[in-house]
Amino acid sequence: MPKVVVIGGGGHAKVAISVLKKSGFDIVGYTDHENRGGVLGVPYLGTDDILPALRNDSSDCGIVIGVGKVNASPSRSELFAKISALGFHFPVLVSPGASINEDIQLSAGTVVFDGVVVNSGSKAGRMCILNTNSTVDHDCLVGDNVHIAPGATLSGGVTVGDNTMIGTGAVVIHSVTICAGCLVGAGSTVVKDLTTPGIYVGSPARRIK
Ligand code: JB3
């Protein structure tokens, strides 16, 4: 069984832990700024300060970043860079309950939760969260550290830039490009390119900040 440590012990980590268990990983424990006790039976190991020693003792151990995000911040990518520099690898985690079709590329640290559909010809970069029941339809190009929230839909040929978040249940119509650093609010509908970083809400989605 491949060994992993989960970073963070909050809500996102819980979902990742359940998917890791279903996917046959051996979860050594989790790190957090604070001891949250056992999380779904996974023990607390300490803060991220334990990672260098862990890397020395267990060079085959992978990392799953269980710290999520609900904004367009690059902080998860910064965490990825910091932990990568210690020499850890970041497995791609795909729930057995997701449907991944042909000619798909998913990069290091990306997690794909239950009920997700990724259709043929799509690519997602590093550290993406394809959250529960979201859809990435054919030929989409998703950057690094993008969160597609539960139930959100990217139609065919959509491009999403780094660090962007597509909110719960939002819809992006076919062939639209959304630049890096956008937050698309829950339930919004994006019908044209978003070319300026910011917060977009409504149907059709308009920039509010
Ligand atoms: O929208 C959905 C379905 N999920 C959200 C997810 C994507 O993002 C969820 O609702 C949350 O809003 C958010 O989940 P997350 O990040 O798990 O949030 P929270 O429950 O607040 O837990 C974050 C945990 O990570 C806290 O216990 C923090 O102390 C810990 N943490 C933050 N930064 C860290 C670090 N832990 C470590 N080891 N290292 C860090 O740098």
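Worth knowing before you read on, the calculation uses all heavy atoms, side chains too, and leaves out hydrogens, waters and symmetry mates. Numbering of ligands and ligand atoms starts at 1, following listing order. Since we're looking at a predicted model, the values are computed, not measured.
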Checklist line | Test item: protein heavy atom less than 4.0 Å from atom 29 (O) of ligand 1 | finding: yes
Looking at ligand 1, does any of its N/O atoms fall within less than 3.5 Å of an N/O of [X]?
X: G68; result: yes
X: V70; result: no
X: E34; result: no

Notebook entry, point to check: What pairs meet the salt bridge (Lys or Arg N to Asp or Glu O under 4.0 Å) rule with one or both residues in residues 61-83, with sequence neighbours excluded?
Noted result: none
Assess [X] for proximity to ligand 1: is some non-hydrogen atom of it under 4.0 Å away?
X: H147; result: yes
X: P150; result: yes
X: R36; result: yes

Next item on the list: Please determine which of V111, V92, L93, V142 meets the side chain to side chain contact (heavy atoms under 4.5 Å, CB included) test together with L106.
Entry: V92
Contact partition for [X] relative to ligand 1, non-hydrogen atoms under 4.0 Å:
X: N131; value: side chain
X: D48; value: side chain
X: L79; value: side chain

